[in-house]
Structures are given as C-alpha cells and as structure tokens.
Amino acid sequence: MSDFQLNHLNIPARDPEGLVRWYAQTFGLQADGNKVRGPGVLIAFQAGEPVKRAPELHLGFQVPSNEKLAGWADKFGATIKQGEEFNAFRTFDPEENCLELYCRKDS
C-alpha cells in the first residue's frame, strides 16, 4: 500500500477567480481565493492558458448513484453513456476543461 495520496490539482486558467466562482456555484464547493474545496476535492486555478487536451485529460467526479448522475446530466444537457463498470457523461467548464461525471453501473 502506498503512503501518499493525491491531494489537489493545480489547473491553468485565463480567469482563475471566475472559474473558482463557476465551480463553487455549479458544484456547491467552497470558494477560497484561487481554490475551490469540498469533501475530497481541492482544485487550485493559476493564471495561464488552459491545457485543452480532452478527452484524454479530464477531471473525474464520482457521484453516488445513477439517479444523481441523471440529475447532473439533465443540468448540463448531456447524455449518459452506459459502460461495463461505470456510467458517465462528459461536459466542459467555461474554459473548456473536460469534466467527467460518473458512477458505478450498479449504484
């Protein structure tokens, strides 16, 4: 077993403060300067050009159930793709960072 864990992501953004507000408002995270926080989530935004490497580079957010996933999909106007192990959809934040929301198929 490893003795470390992923603690945060630092993502370049043209408008770090604007992206913090969007993530806070959209996902109910707490805005904290150039960061958003929540249970198990810490994302820092730093001034710079977005990476734009979708779909191979994306932020994955696990939700607890297919019911919750359907609610998020409705909010984003997205279609859920059924997988062997997970159901998921992808969308984009205002700076075109790819987001994947997913849950276990049997949840």
Side-chain angles (χ1 to χ4, degrees):
M1 175 139 201
S2 179
D3 62 350
F4 69 95
Q5 65 182 9
L6 179 63
N7 177 266
H8 69 277
L9 296 174
N10 190 1
I11 299 173
R14 287 185 294 273
D15 179 9
E17 293 80 15
L19 216 45
V20 163
R21 284 190 303 276
W22 185 84
Y23 276 83
Q25 292 168 356
T26 302
F27 295 109
L29 299 169
Q30 178 186 0
D32 179 15
N34 70 321
K35 298 175 251 347
V36 288
R37 302 172 184 268
V41 176
L42 174 55
I43 306 171
F45 297 99
Q46 181 175 344
E49 278 301 306
V51 178
K52 294 185 183 179
R53 289 291 311 264
E56 58 274 335
L57 177 63
H58 63 270
L59 304 176
F61 295 99
Q62 187 171 7
V63 299
S65 69
N66 282 287
E67 181 181 349
K68 295 283 186 183
L69 185 64
W72 283 108
D74 286 345
K75 180 174 183 160
F76 284 106
T79 301
I80 296 171
K81 292 185 179 180
Q82 308 292 317
E84 289 184 32
E85 187 176 352
F86 297 97
N87 296 329
F89 71 88
R90 290 189 176 164
T91 190
F92 293 87
D93 71 17
E95 294 208 13
E96 299 180 46
N97 294 300
C98 185
L99 311 177
E100 180 177 65
L101 280 78
Y102 69 97
C103 69
R104 296 196 63 81
K105 188 172 189 74
D106 61 1
S107 63

Filter on salt bridge (Lys or Arg N to Asp or Glu O under 4.0 Å), then keep only pairs touching residues 55-78, sequence neighbours left out; what's left? R53-E56

Among all residues two or more places apart in sequence or in another chain, which pass the salt bridge (charged side-chain N to carboxylate O under 4.0 Å, His left out) test with E84? none

Closest non-hydrogen atom pair between [X] and [Y], with its separation:
{"X": "L59", "Y": "L9", "result": "CD2-CD1, 3.2 Å"}
{"X": "R90", "Y": "A78", "result": "O-CB, 4.4 Å"}
{"X": "S107", "Y": "N66", "result": "O-ND2, 2.8 Å"}

With sequence neighbours excluded, residues passing side chain to side chain contact (heavy atoms under 4.5 Å, CB included) with L42: N7, H8, K35, R37

Residues in side chain to side chain contact (heavy atoms under 4.5 Å, CB included) with A70, at least two apart? I80

I'd like to check [X] versus [Y] (side-chain heavy atoms, cut-off strictly below 4.5 Å). Are they in contact?
{"X": "L99", "Y": "F92", "value": "no"}
{"X": "K81", "Y": "F89", "value": "no"}
{"X": "Q62", "Y": "R104", "value": "yes"}

Inter-residue atom distance [X].[atom1] - [Y].[atom2], 0.5 Å rounding:
{"X": "L29", "Y": "I43", "atom1": "CG", "atom2": "CD1", "result": "6.5 Å"}
{"X": "C103", "Y": "N87", "atom1": "SG", "atom2": "CG", "result": "5.5 Å"}
{"X": "D106", "Y": "E85", "atom1": "CG", "atom2": "CD", "result": "8.5 Å"}
{"X": "D93", "Y": "C98", "atom1": "CG", "atom2": "SG", "result": "9.5 Å"}

Once ring pair (Phe, Tyr, Trp, His ring centres under 6.0 Å) is applied, what residue pairs with a partner in residues 38-78 remain, sequence neighbours excluded? Y23-F45, F27-F61, F27-W72

Please check this pair: side chain of D32 against backbone of V36, looking for a donor-acceptor N/O pair closer than 3.5 Å. no

Taking T26 for its side chain and W22 for its backbone only, find out whether a donor-acceptor pair lies under 3.5 Å. yes

Within a 6.0 Å radius of atom NZ on K105, are there more than 12 heavy atoms belonging to other residues, nucleotides or ligands? yes

Please tabulate, for side-chain N and O atoms in residues 10-17, each donor-acceptor pair with protein atoms closer than 3.5 Å (sequence neighbours left out).
from	atom 1	to	atom 2	distance (Å)
N10	ND2	Q46	OE1	2.9
D15	OD1	G18	N	3.0

